[in-house]
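To start, the structure itself, in structure tokens.
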Amino acid sequence: MRLPAILGITMFCVLSCQDNKTLKPKPIAQKTISRVDSMPLMPKPFKILDFKGLAQAYDRIVYDSTQTGEYWPLIWKDGSRKNFDQETYGIYTAIGDTRQGAENHDGLFHESLNTISSVLGASLIGIDKSNQHGEDYVGMLKNYFNSDTGWNIIMNNTGPDVALLGGGYGRDWWYDIYPNLLFYGVADFYPEHPDFENIQRSIADRFQKADSVLAGNYGHTFFDYSTLEPKDNWICHQEDAAAGHAYVLYAAYQKFGDERYLSAAKSSLEALLSQKENRFYEILMPFGAYVAARMNAEEGTSYDYHSILDWTFDGTSVCREGWGVLQDNWNGYDVSGLVGSTVDHGGFAFLMNTYDTMWPLVPMVRYDPRYAETIGKWMLNAANASKFFYPYEMDDAHQTLPDQKHHTKGVIAYEGLIKTAHLEGYEHLEAPIAIGDGPHWTPGNPDVSQFSVYGSGHVGIAGAIIEKTDVPEILKLDCLATDFYKKESYPTYLFYNPHEVSEKVTYVAQSSQKVDLYDAIGHEIIVEGVEAKGIIDIPAAKARLIVEIPSGSLIEQKEGKYYVNDVIIAFM
């Protein structure tokens, strides 16, 4: 029989109503990213780290002030009481960094790119950082809210006193914007934390006013959020700052419902989309793709944002030459998927950038499943190659400091991976070379400053997203983990099968109740009545976007979206 349309909603069952095939939607046609097309289906040597376990170990060791050994502990207290009348803390940017610690510069020089990201990473994997061993590390992040200077946003340092020591404070735009994305991520876990809502409001108001002043022209080096004036210096113009504005403003709209923020988010995103050339500078560009996909899904916009994805991956940036995603094999090591410069010394990728690009692009697939296969393939390559940064995972012959890796205690990685060494004394090493910039940051920095505490602190992003399955090359990617300020959703996971034959994967359900497994790409229930575990079949070189829905649910279709119990399970 044919089910009737009721109040404009088409009711259909996907699997059991064999006489209702006319109502079954067509599978979502896939779009590709050209650079990902050139990446290997099966990167080698192959091993996927236990990223969640690594994130747990990082938090346990780095946040332990009783750790002993040369260069340890890595955490200290800062009693300067900048911006808020409270004690805060710092974490070394790199092991042995001579600019840092309680004894240097009055303990003031620490970076929010390190502390906020590590709090976010820990929170993503279920650690409560607001009450950890008697410390409220969440609350202490408020000191990065630069109210004393009148900027009234979260910044990389607590004030300008140490701005010229490093980290780009007030002169390099991405450094001023990105801490606010990180803070908004943290605040989604701790929405009732004292002062957080006021800080989030202030950030959104400043970004909204800045976008109004810029009026579509983001061709500047940075923006003075105290005087509301764009500024230019010797550093590249950073038009992709618009993506950072758009991300924060759309998150603020979801939290507060203020239409000003939605309007400014659209304005910021449109400024980015209006670019005629690739202006990717550091990390913000892919967040523009996420915002565009989500607004298309939720707000009914029709942004064609494929260019943002190309700009993120292709390495064609006109200012920061070659900035993008590596696609290469160096002496038998597949390094495809890593993010950084595709040309500097033959290629120079960074761990932080690789982890942080996962944050927007995996949840993007939920809003636009046309990119499921290509993002799934990229994630397999990126996850696999990420291990090369870690000294206990990389061959000694391919790292600069194999005899000093004990200083990392198994949780700190090298900052970068390079094809040809850029530091003196390592020219003899063959690619890929695990290395870091630390010795170049300041005179006297030790060799061990190549070990990146800040980059390693972002591992919780991967730890929350990536889960291994019983088919080693097929990852289970959590599309909700970094989808902050989302509406009510059912568990949603992306699976990509790189094999040339179909594979069966054991699916471990998140729900304690019986569920059906709905594929939002094929628009079909592929397994019914799952209790704890089920088996899903994934065709060769294809993806599944699995949504756990209550078993026996009726799927409703309205205005191009698909619902179960008034919860959206597919946006197209």
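Side chains are part of it too, since the values below use all heavy atoms of this structure and drop only hydrogens, waters and symmetry mates. In this chain, residues are counted from 1 in sequence order.
In this structure the side chain of Y390 reaches within 4.5 angstrom of the side chain of L351, judged on heavy atoms. When side chains are defined from C-beta on, V339 does not count as touching P286, because their heavy atoms never get closer than 4.5 Å. For the pair K504/I536, no side-chain contact is recorded, criterion being any heavy-atom separation below 4.5 Å from C-beta on. Side-chain contact check for Q238 versus F280: every heavy-atom pair is 4.5 Å or farther apart. For the pair F451/P391, a side-chain contact is recorded, criterion being any heavy-atom separation below 4.5 Å from C-beta on.
Judged by the 6.0 Å and 45° rule, K476 forms a cation-pi pair with Y507. For the pair K129 and Y137, the cation sits on the ring face: its NZ or CZ lies under 6.0 Å from the ring centre, inside 45° of the axis. Under the 6.0 Å distance and 45° angle rule, R320 counts as a cation-pi partner of Y281.
Remark: the R99 side chain and the T93 side chain contain no N/O donor-acceptor pair separated by less than 3.5 Å. For S449 and D97, the side-chain atoms include no donor-acceptor pair closer than 3.5 Å. Looking at T66 and D64, their side chains do bring a donor and an acceptor atom within 3.5 Å of each other. A side-chain N or O of Y144 and one of T115 form a donor-acceptor pair less than 3.5 Å apart.
The side chain to side chain donor-acceptor pair (under 3.5 Å) pairs that include a residue from residues 174-186 are Y178-D356, where partners are two or more places apart or lie in different chains. The list of side chain to side chain donor-acceptor pair (under 3.5 Å) pairs with a residue in residues 436-446, not counting sequence neighbours, reads T98-N445, H422-D437.
Salt bridge annotation for R279-E239: present, with a cationic side-chain nitrogen under 4.0 angstrom from a carboxylate oxygen. Between R35 and D314, no side-chain nitrogen of the basic residue sits less than 4.0 Å from a carboxylate oxygen of the acidic one, so the salt-bridge criterion is not met. K405 has a carboxylate O that lies under 4.0 Å from a charged side-chain N of D396, or vice versa, which qualifies the two as a salt bridge. The pair K31-D368 fails the salt-bridge criterion, with no side-chain N (NZ, NE, NH1 or NH2) lying under 4.0 Å from an Asp/Glu carboxylate O.
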side-chain contact (heavy atoms from CB on, under 4.5 Å) assessment of L49 paired with S386:
CA-CA 8 Å; L49 299 180; S386 294; 5.6 Å; no
Begin from the C-alpha positions of C479 and L545 and carry the test side-chain contact (heavy atoms from CB on, under 4.5 Å) through to its verdict.
CA-CA 9 Å; C479 295; L545 187 60; 3.8 Å; yes
Can T400 and Q450 be said to form a side-chain contact (heavy atoms from CB on, under 4.5 Å), step by step?
CA-CA 9 Å; T400 56; Q450 294 179 64; 2.8 Å; yes
For W359 and Y290, run ring pair (Phe, Tyr, Trp, His ring centres under 6.0 Å): C-alpha distance rounded to whole Å, both residues' side-chain angles, the deciding distance at 0.1 Å, then the answer.
CA-CA 9 Å; W359 167 1; Y290 165 85; 9.0 Å; no
side-chain contact (heavy atoms from CB on, under 4.5 Å), that's the test. Do I435 and F348 meet it? Break it down for me.
CA-CA 9 Å; I435 201 167; F348 195 179; 4.0 Å; yes
Carefully, step by step, assess E373 and R544 under the rule salt bridge (Lys or Arg N to Asp or Glu O under 4.0 Å).
CA-CA 8 Å; E373 288 177 11; R544 296 276 198 194; over 6 Å; no
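Counting non-hydrogen atoms of neighbouring residues, nucleotides and ligands closer than 6.0 angstrom, the CD atom of E424 reaches no more than 12 such neighbours. The 12-atom threshold is not exceeded at CD of E430, counting heavy atoms of other residues, nucleotides or ligands nearer than 6.0 Å.
Atoms CE and OG1, from M352 and T357 in turn, are 8.5 Å apart once rounded to the nearest 0.5 Å. Rounded to the nearest 0.5 Å, atoms OG1 (T374) and CD1 (I33) are 4.0 Å apart. Rounding to the nearest 0.5 Å places CD of Q327 at 9.0 Å from CG of N381. Atom-to-atom distance recorded for Y485:OH and Y247:OH is 8.0 Å, nearest 0.5 angstrom. Atoms OG1 and CD, on T469 and E503 in that order, are 9.0 Å from each other to the nearest 0.5 Å. Taking CE of M42 as the start and CD of E473 as the end, the distance is 3.5 Å to the nearest 0.5 Å.
For H237 and Y218, the ring centers are positioned 6.0 Å apart or more. Residues Y89 and Y63 bring their aromatic ring centres within 6.0 Å. Checked against a 6.0 Å centroid threshold, the rings of Y92 and H110 do not count as neighbours. A distance below 6.0 Å separates the ring centres of H306 and Y371.
Of all non-hydrogen atoms in L120 and G185, the two that sit nearest each other are CD1-C, 3.6 Å. Residues G288 and L272 approach most closely at CA-CD2, 4.2 Å, considering heavy atoms. Between V138 and V119, the shortest heavy-atom distance links the atoms CG2-CG1, 4.0 Å. Q67 and I61 get closest at one heavy-atom pair: CG-O, 3.4 Å. Scanning all heavy atoms of the two residues, the minimum distance from L273 to S307 falls at CD2-OG, 4.3 Å. For N114 against Y454, the heavy-atom pair with the smallest separation is OD1-CA, 3.4 Å.
Ring pair F189/F484 is perpendicular by interplanar angle, where above 60° counts as perpendicular and below 30° as parallel.
Partner of I465 under the side-chain contact (heavy atoms from CB on, under 4.5 Å) criterion, chosen from L361, L124, L480, T482: T482. For the side-chain contact (heavy atoms from CB on, under 4.5 Å) criterion with H398, the lone passing option out of W330, Y333, F388 is Y333.
Applying the side chain to side chain contact (heavy atoms under 4.5 Å, CB included) criterion to A382, with sequence neighbours excluded, gives T354, M358, W378.
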